[in-house]
Amino acid sequence: MVEEKLEYWRWTESSHVDSDRDWRDARVITLGIDVGSVSTEAVVCLDGELYAYNTIRTGANSPDSANLAMEGVFAKTGLTLEDIHYTVGTGYGRVNIPFADKAITEIACHGRGAHYMGGPTIRTILDMGGQDCKVIHINELGKVTNFLMNDKCAAGTGRGMEVIADLLEVPVTEIGERSFDIDEEPPAVSDICVVFAKSEAMARLKEGWSKNKVIAAYCRAMSERVCSLINRIGVEEDFIITGGIAKNIGVARRIESILGVKARETTFDSQIAGALGAALFAYTLVTKKNKG
Amino acid sequence: MIAHYGYKDAQGEFYITIDTGKCVDCEGKPCIKACPGSVFIEEEDPYGDEVVAVDDLKRKKIMYECAPCKPTRDRPPLPCVVACPHGALSHSW
């Protein structure tokens with residue numbers, strides 16, 4: 001009998017439609033697609049306001065992932081591509097989205113999306129993506145003034161967390177809560193490399209550490225690594241964390257503790273910031289074109 | 001916009017910082033030609049300005065791409081930094 005292997009890294013895909021609004025009443029309907037290394041998001045905005053979104057796991061092929069994310073949001077809203085006035089693509093796969101009218105960098109889109117999600121007082125954004133980590137400063141208009149991106153090493157990214165989830169056989173969605181179920185905060189494991197961190201985590205388990213203690217040590221390592229990046233360009237309040245790792249309170253709370261800054265709470269799904277920014281850029285481009 | 005291109009890994013921090021606001025009115029963008037490794041490109045930023053950026057293909061290899069200009073014993077002026085008339089470029093070394 002073949003034993004079924006559970007996928008502990010599998011995070012929850014999500015979708016949402018604002019049922020109080022009808023897209024048929026909108027003057028401008030825009031679509032933002034963020035094809036990231038791990039997740040792909042599609043966001044629809046009506047007249048520059050968030051209406052619907054869909055997040056899926058990115059497959060091997062960017063166009064297929066973009067199509068699937070878009071079809072997911074269309075299936076829930078009844079929209080078709082013909083109803084969309086403008087589409088902006090962003091993320092790693094932004095140049096490979098066949099139905100996009102324009103590609104804009106994820107730095108600018110995350111800045112714009114986080115500005116919408118957190119409000120005009122947001123000045124520092126930490127985006128913890130699947131395989132990169134970005135620190136972005138924006139002004140009161142959501143325009144990027146300073147950014148730093150670390151996309152070479154998986155330490156401090158969602159993929160690193162997935163590796164640890166699989167190693168410890170703990171669902172990635174439970175890691176944040178479990179990292180606080182410990183007697184005292186352990187020292188961090190290696191924050192330099194996911195491979196080193198994984199082997200160090202295995203060594204700690206063999207020494208008799210509980211899974212929760214190892215999780216806490218990894219969350220600590222990830223937080224310290226990310227904070228060293230943030231400190232390179234500094235943190236200005238208000239501060240917001242976006243990306244999948246923002247949902248992991250084990251990392252988010254530790255980052256707040258190290259920085260001494262509380263992150264802005266938001267009701268939006270932290271993973272949609274890039275696609276939301278893309279849809280908002282699309283709205284600006286359409287309105288500029290109409291005025292011109 | 002201050003753009004930090006590069007990375008931090010087990011071997012250290014390797015960032016090139018560009019103050020792209022100073023690139024907008026820079027005639028000819030001489031840093032691009034000055035770099036023997038062709039690390040820099042001219043591109044339109046998301047706000048419509050023509051600025052200098054580090055080539056996508058080089059961002060993860062800055063340690064190696066910039067190594068020929070960075071001897072191990074001292075820190076001579078780098079060709080790209082010298083070529084920039086506005087002091088917009090710096091390296092973390």
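Residue numbers start from 1 in every chain, and the chains themselves are labelled A, B, ... in the order their sequence lines are given, proteins ahead of strands. Heavy-atom basis, side chains included; hydrogens, waters and symmetry copies ignored.
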Open item on the list: So does A:Ala246 get a backbone contact from the side chain of A:Ser270, meaning a donor-acceptor N/O pair under 3.5 Å?
Closed with: no
Task: Close contacts, residues 141-148 of chain A versus chain B, judged by heavy atoms under 4.5 Å - done: A:Gly142, A:Lys143, A:Val144, A:Thr145, A:Asn146, A:Phe147, A:Leu148
Open item on the list: Check the orientation of B:Phe14 and B:Tyr7. Use parallel for under 30°, tilted for 30 to 60°, and perpendicular for over 60°.
Closed with: tilted
Open item on the list: Ring centres under 6.0 Å, that's the criterion: do A:Tyr53 and A:Phe268 meet it?
Closed with: no
Open item on the list: Can you confirm whether the side chains of A:Thr284 and A:Arg112 place a donor and an acceptor under 3.5 Å from each other?
Closed with: yes
TODO: Count the heavy-atom pairs under 4.5 Å between each of A:Ile233, A:Thr105, A:Ile104 and chain B, then report the option with the highest count.
DONE: A:Ile233
Open item on the list: So for A:Ile107, is it side chain, backbone, both, or neither that comes closer than 4.5 Å to the heavy atoms of chain B?
Closed with: neither
Task: Sidechain N-carboxylate O distance under 4.0 Å for B:Glu50, B:Lys29 - done: no
Open item on the list: Between B:Thr20 and chain A, with a heavy-atom cut-off of 4.5 Å, which part of the residue counts as in contact: side chain, backbone, both or neither?
Closed with: neither
Task: Polar side-chain atom of B:Arg59 near backbone of B:Val54 as donor-acceptor pair, under 3.5 Å - done: yes
Open item on the list: Tell me if the NZ atom of B:Lys33 is crowded by more than 12 foreign heavy atoms within 6.0 Å.
Closed with: no
- [ ] Using atom types as modelled and distance alone, determine if a side-chain donor or acceptor of A:Thr40 lies under 3.5 Å from a backbone N or O of A:Ala69.
- [x] no
Task: Per-residue contact mode, A:Ile136 against chain B (heavy atom under 4.5 angstrom) - done: neither
